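Below: one structure, written as structure tokens.
Note that the structure is a prediction, hence the values are computed from the model and not measured.
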Amino acid sequence: MQQLPILNISSYKFVALPDCEALRDKLHASALQLQLKGTVLLAEEGINLFLAGPGEAVRAWVDQLRDDERFADLNPKESWSESVPFRKLLVKVKPEIIRMNHAAIRPDQLPRAPALPAATLARWLAQGHDDEGRPVVTLDTRNAFEVDYGTFENAIDWRITKFSEFPEAVQAHKQELMGKTVVSFCTGGIRCEKAAIYLQQQELDGPVYQLEGGILKYFEETGGPHYQGACFVFDQREALDAGLAPSTEFVRPESEAHRA
């Protein structure tokens, strides 16, 4: 039950946006009018957003966005806070909504990798294998300082410092993944969606999934079994616990000082 006054939403969608420059002006004007704060990133490959404000205002902005048929199925993840965790409103056009620097990976133009529901991953981790008896590995696609706040038990972490390093890391560690069921994951799903497509192209001799909705959806739907620690978020709340509340039980990792 919602007790706090500020609604925080996050969402993304890979969809062709040839008009992203004009769309930026429209979305910025709407968010400004509703006094929302946060960040909306647009690129020819899609949209990535993090916004906060009073619940009625946030949902009004989402309703306006859904009037565009390209975003009609957008279903933002929600959490509540005492105050707005953003200092200002930014609506930007970028070359990519999540930077990978790999031109061949365009999710808006390629089939989506299979998405694994949170409940299925929780069950597989509890039983120690997938439904075919194959070993399951969880692959953290986030930056090292984020991983240090918390991650899945026994997750693979290649200590990358930015997502554009991910393809090179795959090539260096490919043998770790061969013949296993690989589940890539990230905070909200956007990085692991690109990562899963790249992994599918590597002929790993095993299925590749992305965790549907990322860690935050996993927390929402399962309560966080087999996850240790908190989940870093890119706003003033810093990290969320499995109840999607600001975490008060973690010690800020030393690597966090290097994230700037």
State whether [X] and [Y] are salt-bridged, where the test is any N-O pair (Lys NZ or Arg NE/NH1/NH2 against Asp/Glu carboxylate O) under 4.0 Å.
X: Glu193; Y: Arg112; value: yes
X: Glu96; Y: Arg99; value: no
X: Lys94; Y: Glu45; value: no
X: Arg66; Y: Asp73; value: no

Would you sort out whether Phe86 and Gln236 count as a side chain to side chain contact (heavy atoms under 4.5 Å, CB included), showing the intermediate values?
CA-CA 6 Å; Phe86 302 102; Gln236 294 174 4; 6.0 Å; no

Determine whether [X] and [Y] fall in the same hydrophobic cluster, where Ile, Leu, Val, Met, Phe, Trp and Tyr are linked whenever their side-chain heavy atoms lie under 4.5 Å apart.
X: Leu110; Y: Val182; answer: yes
X: Leu17; Y: Ile97; answer: no
X: Leu27; Y: Leu49; answer: yes
X: Phe163; Y: Ile156; answer: yes
X: Tyr12; Y: Leu89; answer: no

Applying side chain to side chain contact (heavy atoms under 4.5 Å, CB included) to Phe234 and Thr39, what does each step give before you reach the verdict?
CA-CA 10 Å; Phe234 288 89; Thr39 300; over 6 Å; no

Side-chain ([X]) to main-chain ([Y]) donor-acceptor, under 3.5 angstrom:
X: Tyr218; Y: Ala119; value: no
X: Asn143; Y: Phe145; value: no
X: Glu132; Y: Arg134; value: no
X: Lys92; Y: Leu42; value: no
X: Lys13; Y: Arg70; value: yes
X: Asp19; Y: Ala22; value: no
X: Glu165; Y: Thr161; value: yes
X: Tyr149; Y: Ala239; value: no

Assess whether salt bridge (charged side-chain N to carboxylate O under 4.0 Å, His left out) is satisfied between Asp67 and Lys26, documenting all intermediate values.
CA-CA 12 Å; Asp67 286 341; Lys26 177 181 177 182; over 6 Å; no

So do [Y] and [X] actually touch side chain to side chain, heavy atoms under 4.5 Å?
X: Trp158; Y: Leu139; value: yes
X: Ile9; Y: Phe50; value: no
X: Lys77; Y: Leu244; value: no
X: Gln171; Y: Gln202; value: yes
X: Tyr209; Y: Leu121; value: no
X: Met100; Y: Pro167; value: yes
X: Leu41; Y: Leu90; value: no
X: Arg142; Y: Ile215; value: yes

Evaluate the salt bridge (charged side-chain N to carboxylate O under 4.0 Å, His left out) criterion for residues Glu146 and Arg191: first the C-alpha distance (whole Å), next the side-chain angles of each, then the deciding distance (0.1 Å), finally the verdict.
CA-CA 13 Å; Glu146 298 172 76; Arg191 280 177 282 189; 2.8 Å; yes

Closest non-hydrogen atom pair between [X] and [Y], with its separation:
X: Thr141; Y: Ala195; result: CG2-CB, 3.7 Å
X: Val84; Y: Ala52; result: CG1-CB, 4.1 Å
X: Trp80; Y: Leu4; result: CE3-O, 3.2 Å
X: Met178; Y: Glu203; result: CE-O, 3.8 Å
X: Thr222; Y: Ala122; result: CG2-CB, 4.3 Å
X: Asp241; Y: Ser247; result: N-CB, 4.0 Å

List for me each residue that meets ring pair (Phe, Tyr, Trp, His ring centres under 6.0 Å) alongside Phe71, sequence neighbours excluded, and say none if there are none.
none

Surrounding [atom1] of [X] (heavy atoms of other residues, nucleotides or ligands, distance under 6.0 Å), is the total greater than 12?
X: Asn101; atom1: CG; answer: yes
X: Gln33; atom1: CD; answer: no
X: Gln201; atom1: CD; answer: yes
X: Glu153; atom1: CD; answer: yes
X: Lys174; atom1: NZ; answer: yes
X: Gln35; atom1: CD; answer: no

Go through the steps to decide whether Gln200 and Leu204 satisfy the test side chain to side chain contact (heavy atoms under 4.5 Å, CB included), and finish with yes or no.
CA-CA 7 Å; Gln200 280 189 314; Leu204 298 176; over 6 Å; no

What distance do [X] atom [atom1] and [Y] atom [atom2] have between them, rounded to the nearest 0.5 Å?
X: Leu32; Y: Lys37; atom1: CG; atom2: NZ; result: 11.0 Å
X: Thr138; Y: Phe185; atom1: OG1; atom2: CZ; result: 5.0 Å
X: Ile105; Y: Ile197; atom1: CD1; atom2: CD1; result: 6.5 Å

Should Lys194 and Arg106 be marked as a side chain to side chain contact (heavy atoms under 4.5 Å, CB included) after you check the CA-CA gap, both sets of side-chain angles, and the distance that decides it?
CA-CA 8 Å; Lys194 275 195 173 182; Arg106 282 287 301 266; over 6 Å; no

Assess the residue pair Ser184 and Gln210 against the criterion (side chain to side chain donor-acceptor pair (under 3.5 Å)); give the C-alpha distance rounded to whole Å, side-chain angles, the decisive distance to 0.1 Å, and a yes or no.
CA-CA 5 Å; Ser184 68; Gln210 60 193 23; 5.7 Å; no

